[in-house]
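Before any comments, here is the structure.
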Protein chains: 2
Amino acid sequence: MRKPTIQDVARAAGVGVGTVSRVLNNHPSVKQATRETVLRLITELDYTPNPHARRIAGGKSYTISVLLPVVTTEFYVRLLDGLETAFQDARYDVAIFPLLDRSRLERYLGSHTLAYQADGLVMATYNLTALLSERRLRTQQPTVLVDAHSDNVDCVYMDNVAGGRLAGEHAATLPGHIYATWVETELDQLFTTRVFEERRNGFLAALGAAGRPLKAEFTSSFDSLAARNTASTLLDQAEFPCVVFASADLLAGALLDEAALRGLEVGRDLRVIGYDDQPWAASRQLTTLHQPVESMGHEAASLLLSRLGGHKGPPRVRKFLPRLVLRGTA
Amino acid sequence: MRKPTIQDVARAAGVGVGTVSRVLNNHPSVKQATRETVLRLITELDYTPNPHARRIAGGKSYTISVLLPVVTTEFYVRLLDGLETAFQDARYDVAIFPLLDRSRLERYLGSHTLAYQADGLVMATYNLTALLSERRLRTQQPTVLVDAHSDNVDCVYMDNVAGGRLAGEHAATLPGHIYATWVETELDQLFTTRVFEERRNGFLAALGAAGRPLKAEFTSSFDSLAARNTASTLLDQAEFPCVVFASADLLAGALLDEAALRGLEVGRDLRVIGYDDQPWAASRQLTTLHQPVESMGHEAASLLLSRLGGHKGPPRVRKFLPRLVLRGTA
DNA sequence: TTGTACGCGTTATCAC
DNA sequence: GTGATAACGCGTACAA
């Protein structure tokens, strides 16, 4: 059986194709009753618009390219979730382009994808605008940066300095020595991120303002084994009671594991502040910093969609603040 | 200035649009002279066909979805290179769908991408056919598995057992105790791979056949810090001369670093056999196993394209053999 | 508020 | 071999 087309829906609903199209695109000038009839028949026939036909008729691709580094992280899953939800509501497709390697960026630039496949561009974590603009011939499509800074294009990012500060301010209210663990910035082989540097700056500033010293700090790479080792080293050297700012929940989790092994009472001998609010954080009572990542993705989409809608004006910046979630561990 | 269309090319070349289309699609029935004229004008006008128009006219999406786990690895870069090159030659687009998370698979299934965006499916490393077929309503598109096994669909993969065996056979010819290092199989948080298990099986079989014992083995997670620690531990315990099969070049590299630090003469006191033949392997004289990953990607594309071309018949299996590259370290 | 008809840039099917 | 021309499914201006 053939896939139903807009014609089929129109015929079945006893209206013209124009009306169906208007319903699809949320045109205000459709009578409520008609709209309902059409919508009913759309679901009844299980009709889905053909995106290709739409693109050729509309002269747009209704597609957004998302360039993002390849790191399996809660962060990117949630970011994509926010982006995709918002874009899908606006009937835009999202084409993900994972940057595994510098050569892959070349491939993206070289393919004709760029020219046809994307009305807009979302770049996550890395600001590749310079790289792009020097290579791009004509297609200078609207761009928004996520989790990155720029003076030239719209961008949204998390305020990691503020997050570190929140952690520091809270830590300063707690008794005992203060420790911290950071993540090595080599997130993948090619690029680096500065988020942990920023969290550290905020944290140190807050401690300084409160007149509390940082007893010692430790660095780990971002994997569970290394996290466990770092936790072990820290607990070997620590004087109790103490409070540890683990700048990623992965590190915080390892700390909790190791503490349990040693019979330390978390929340008393050892207090832990995490960062990320991973799904498991609540059940383990982890006090941590929650980041509104989906909202950030949503906002990024809004900014881009407004540009696609013709919005002119200077680059806009949206900063998102993490929120300290107080639970049992600190 | 508007993008040139097939009409513009036809007019400029003094031919009909049909002819231009035939040239584009490599139809044999075009006179050589005409073809050349058309091709010249295509480049002159900088014409690129509109893929959306093509899709609606052709009734196909000319797009292949590639589902792959998110691991920043030489392997996937090269695999994608092989796949994309082959598909682009056949004028197919590649839509990459990184599986960051189980929820993302749901998103893929839920979107209408599946129905419209893909004529075929490539699944790398994980066999998700069961998951897909139970969810899919009608669109049962041709599928090929890469780096995974299946009895029901075409698949291509590297013979890791053979690779381990090659390493073992070579190791057995060398003097000294034999050690090995493996990688923890938790490649990412959700799925696991069995490649190291397979390499180990092959390696042990070869040693057994040669009557050589394996003195000791070590396990590391797949990151440079852990690799370095493992290398250090191994060299602490090893008796020299010895030969180490490092089942990933990352581990082999760490071993070379650590050996240099201790003043060990590689190729004499310590012999190292790696696996992967990373770009840096040649310059460091690393004896290692080279995998024809691009070829594998190319073959996967060929299998899928043949199905799209109407090929019927039982599932085909293509096994690719790694090749031992003898350099200085062993 | 709604229906009709045209156009988008291709491919495919005819005749020539 | 090659040139017209009819689809393909949708958006949209225009008329009603």
Side-chain angles (χ1 to χ4, degrees), chain A residues 2-39 41-42 45-63 90-93 112 115-117 119 308-309, chain B residues 2-39 41-42 45-63 90-93 112 115-117 119 308-309:
Chain A
R2 221 181 77 271
K3 270 189 79 67
T5 75
I6 200 172
Q7 304 273 2
D8 301 324
V9 178
R11 200 174 4 253
V15 300
V17 289
T19 304
V20 179
S21 177
R22 280 183 279 265
V23 170
L24 251 23
N25 294 297
N26 285 318
H27 255 66
S29 64
V30 177
K31 213 202 311 179
Q32 185 58 20
T34 327
R35 178 185 302 280
E36 279 165 16
T37 319
V38 171
L39 286 175
L41 274 131
I42 284 178
L45 296 177
D46 192 25
Y47 163 74
T48 43
N50 182 325
H52 310 306
R54 210 175 149 242
R55 293 193 244 263
I56 160 144
K60 296 189 282 182
S61 74
Y62 299 100
T63 301
R91 298 193 67 198
Y92 272 80
D93 266 5
H112 295 169
Y116 276 112
Q117 191 82 308
D119 294 334
L308 294 177
Chain B
R2 223 181 74 271
K3 272 188 76 69
T5 74
I6 200 173
Q7 305 272 2
D8 300 324
V9 178
R11 201 173 6 253
V15 299
V17 288
T19 303
V20 179
S21 178
R22 279 184 279 264
V23 170
L24 250 23
N25 294 296
N26 285 318
H27 255 67
S29 64
V30 178
K31 214 200 313 178
Q32 185 58 19
T34 326
R35 177 185 302 279
E36 278 165 16
T37 320
V38 171
L39 285 175
L41 273 132
I42 284 179
L45 296 178
D46 192 24
Y47 162 75
T48 43
N50 183 325
H52 309 307
R54 199 168 161 250
R55 293 193 243 264
I56 159 142
K60 296 189 281 181
S61 74
Y62 299 100
T63 301
R91 296 192 68 199
Y92 272 79
D93 267 5
H112 295 169
Y116 276 112
Q117 190 81 306
D119 293 335
L308 295 176

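Every chain is numbered from 1 and lettered A, B, ... according to where its sequence line falls, protein lines coming before strand lines.
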Subject >> salt bridge (Lys or Arg N to Asp or Glu O under 4.0 Å) against B:Arg35, all qualifying residues, sequence neighbours excluded >> reply: none

Subject >> Between the first and last five pairs of the helix from C:dT1-D:dA16 to C:dC16-D:dG1, the angle of the axes, rounded to 10 degrees >> reply: 40°

Subject >> Contacts of A:Thr63 that satisfy side-chain contact (heavy atoms from CB on, under 4.5 Å) - sequence neighbours left out >> reply: A:Arg55, A:Ser61, A:Asp93, A:Ala95, A:Gln117

**OP:** Please state whether the rings of A:His52 and B:His52 are parallel, tilted or perpendicular, taking 30° and 60° as the class boundaries.
**Re:** parallel

Original post:
Nucleotide range of DNA chain D contacted by chain A, 5' to 3', under 4.0 Å to a heavy atom?
Top reply: D:dG9 to D:dA13

**OP:** Taking side-chain contact (heavy atoms from CB on, under 4.5 Å) as the test, write out the residues that go with A:Ala57, two or more places apart.
**Re:** none

Subject >> Whole-Å distance separating the CG atom of B:Asn25 from the C1' atom of C:dT13 >> reply: 15 Å

Original post:
Partners of A:Ala53 by side-chain contact (heavy atoms from CB on, under 4.5 Å), sequence neighbours excluded?
Top reply: A:Asn50, B:Ile56

**OP:** Give the rounded distance in Å between these two atoms: CD1 of B:Ile42 and P of C:dT10.
**Re:** 10 Å

**OP:** Give every residue pair that meets the salt bridge (Lys or Arg N to Asp or Glu O under 4.0 Å) criterion with at least one member in residues 4-29 of chain A, sequence neighbours excluded.
**Re:** A:Arg2-A:Asp8, A:Asp8-A:Arg11

Original post:
Going by heavy atoms closer than 4.0 Å, what residues in residues 12-21 of chain B are next to DNA chain C?
Top reply: B:Gly18, B:Ser21

Original post:
Of all of residues 26-34 of chain B, which get a heavy atom below 4.0 angstrom from DNA chain D, listed by number?
Top reply: B:Ser29, B:Val30, B:Lys31, B:Thr34

Subject >> d(CZ, A:Arg55; P, C:dT10) in whole Å >> reply: 15 Å

Side-chain polar contacts of residues 24-33 of chain A - donor-acceptor pairs under 3.5 angstrom, sequence neighbours left out - could you list them?
from	atom 1	to	atom 2	distance (Å)
A:Asn25	OD1	A:Arg91	NH1	2.8
A:Asn25	ND2	A:Ser21	O	2.9
A:Gln32	NE2	A:Glu36	OE2	2.9

Original post:
Got a sec, which residues hit ring pair (Phe, Tyr, Trp, His ring centres under 6.0 Å) with B:Tyr92, two or more places apart in sequence or on another chain?
Top reply: B:Tyr62

Subject >> Integer-rounded Å distance: C:dT10 P and B:Asp93 CG >> reply: 14 Å

Contacts under 3.5 Å, N or O only, protein and nucleotides 6-9 of chain C:
from	atom 1	to	atom 2	distance (Å)
C:dC8	O2	A:Ala57	N	3.4

